[in-house]
Each structure stands twice: as structure tokens, then as C-alpha cells.
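In what follows, a structure is listed as C-alpha cells, so that the remarks can point back to it.
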Amino acid sequence: RAGIRDISRLELVTPGFSYGFIGSDSKIAIRGANSNNTYGDNSSIAGFFVDGVYRPRAAQQSQGYFDVERIEVLKGPQGTLYGRNTFAGAVNLYPNRPSTEALEGGIKTSFESFGRTITDAFINVPVGDDFAVRVALNTRDSDGYIDNNGAGSDLGQEDGFNYRVSALWTPTED
């Protein structure tokens with residue numbers, strides 16, 4: 001509902017949270033605490049988790065969000081719950097899970113300035129009373145906003161395709 005498409009927009013609705021890039025490295029800062037050097041094998045002091053799995057690299061943290069149930073920002077040391085790399089806090093992203101209740105699907109497309117198009121789609125398919133599959137995808141396409149007359153892509157140019165396939169099996173007494 002808040003229009004959060006990726007981690008960079010999370011700071012618009014979360015006090016004490018900021019996210020920024022330095023070169024090809026990105027940094028999460030929670031209540032002013034962040035890591036000075038997260039290149040190579042050095043990890044951030046603000047943990048990022050997707051469905052409970054730790055994602056240490058900037059490329060993993062900056063992917064587009066689609067088909068998301070909720071996002072949590074936990075401020076302050078979270079070492080007791082999450083272990084290392086959570087001195088500043090933790091960000092938890094929970095995608096929607098498959099459901100055996102009903103067949104459902106949806107698609108959302110936005111057209112923006114500079115030829116930017118974003119499409120999110122999902123389908124949830126129950127396969128019996130105890131098994132379901134959910135497929136979600138996200139595409140991003142943008143022409144960029146500054147033409148690069150030399151080699152390389154235009155500034156702001158974006159061509160991305162992300163997908164997620166998840167399954168749910170609920171065992172019965174039989």
C-alpha cells in the first residue's frame with residue numbers, strides 16, 4: 001500500500017532507516033548505524049533476510065519487491081534472534097505464500113516517465129486439498145533518462161526480469 005518497490009523506497013516510510021549506494025556497494029543504515037566497508041567478504045551490520053534466509057550482498061538486497069506479504073524493520077541489536085551481522089538491526093521481507101484455498105491470480109502494470117514500464121503478476125494454483133503452487137514474476141524496463149553517447153548503457157536504463165516459484169504441501173494424517 002505504501003508503494004515500496006525496492007529497499008531504496010523503504011526509507012520513505014520508516015523513521016531512522018536509510019539506504020544508499022557508494023559505487024557498486026550499497027548500505028543499510030538503521031538509527032545511524034551502518035558499515036563503512038562492505039566490499040568483498042565484509043558484511044553489513046544491518047541484516048537483510050528474505051523468508052528467514054540471510055542475504056549479505058548488495059545485489060541481493062536491491063532486487064525489486066513483488067508479491068510481498070509484509071516487510072519488517074527491526075531496529076537495534078538483533079543478535080539474539082538473528083545472530084551475527086545484525087548489530088544495527090534487521091530487515092525482514094516475507095513474500096506471499098501459496099494457498100490451497102482457491103485459484104487466484106493478478107497482474108499490475110505501470111507506465112512511467114522515461115519509457116519505464118513495471119509489471120508484476122502472480123498465479124496461485126491449488127493442486128488438491130493439500131498441495132499448492134504459486135508463481136510470481138516482475139519485469140522492469142526503462143529507456144533511461146540520460147543518453148550515453150559513448151560505450152555502455154544510458155543512465156537509469158533498466159532491464160530486469162525476476163521470478164519466484166514456491167510450493168506448499170500440508171501433510172494429512174493419512
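Since the model is a prediction, treat every value here as computed from it, not as a measurement.
The same ILVMFWY cluster, assembled from side-chain heavy atoms under 4.5 Å apart, contains both Val68 and Phe48. Tyr54 and Phe87 fall into different hydrophobic clusters, where Ile, Leu, Val, Met, Phe, Trp and Tyr residues are linked whenever their side-chain heavy atoms come under 4.5 Å apart, directly or through other members.
Between Gln78 and Ala90 the shortest heavy-atom distance is CG-N, 4.1 Å. Minimum interatomic distance between Arg140 and Arg116 (heavy atoms only, all atoms of both residues): NH1-NH2, 3.1 Å. The shortest heavy-atom contact between Asp159 and Ser142 is OD1-N, 4.4 Å. The two residues Asp143 and Gly115 have their closest heavy-atom pair at OD2-CA, 3.8 Å.
Listed by chain and number, the residues in a side chain to side chain donor-acceptor pair (under 3.5 Å) with Asn92 are Glu72, Tyr82 (sequence neighbours excluded). In this view, Thr119 and Ile107, Thr109, Thr117, Thr139 satisfy the side-chain contact (heavy atoms from CB on, under 4.5 Å) rule, not counting sequence neighbours. With sequence neighbours excluded, the residues satisfying side-chain contact (heavy atoms from CB on, under 4.5 Å) with Ala136 are Phe66, Asp67, Phe122, Arg164.
More than 12 heavy atoms of other shown residues, nucleotides or ligands fall within 6.0 angstrom of atom CZ in Arg9. Tyr163 OH: 12 or fewer foreign heavy atoms inside a 6.0 Å radius. A 6.0 Å sphere centred on OH of Tyr65 holds more than 12 heavy atoms belonging to other residues, nucleotides or ligands.
Put simply, NZ on Lys75 and OG1 on Thr14 are 7.0 Å apart, with the number rounded to the nearest 0.5 Å. Here the CD atom belonging to Glu112 is positioned 11.5 Å from the CG atom belonging to Asp141, to the nearest 0.5 angstrom. For the atom pair CG (Leu74) and CG (Leu81), the distance works out to 8.0 Å, reported to the nearest 0.5 Å. How far CG of Asp130 is from OG1 of Thr170: 6.5 Å, rounded to the nearest 0.5 Å.
The side-chain heavy atoms of Phe131 and Thr100, taken from C-beta on, include no pair separated by under 4.5 Å. With contacts defined as side-chain heavy-atom distances shorter than 4.5 Å, the pair Pro126/Leu103 qualifies. Looking only at side-chain heavy atoms (C-beta outward), Leu168 and Ser99 stay at 4.5 Å or farther from each other. Residues Ile7 and Phe17 have side chains in contact (heavy-atom distance under 4.5 Å, counting atoms from C-beta outward). The side-chain heavy atoms of Phe49 and Thr86, taken from C-beta on, include a pair separated by under 4.5 Å.
For the pair Arg70 and Tyr94, the distance from NZ or CZ to the six-membered ring centre is under 6.0 Å and the angle to the ring normal is within 45 degrees.
Looking at Glu11, its side chain does come within 3.5 Å of a backbone N or O of Tyr19 through a donor-acceptor pair.
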Check your understanding: Can you check side-chain contact (heavy atoms from CB on, under 4.5 Å) on Glu101 and Asn124, steps first, answer last?
Key -> CA-CA 9 Å; Glu101 298 300 316; Asn124 183 79; over 6 Å; no
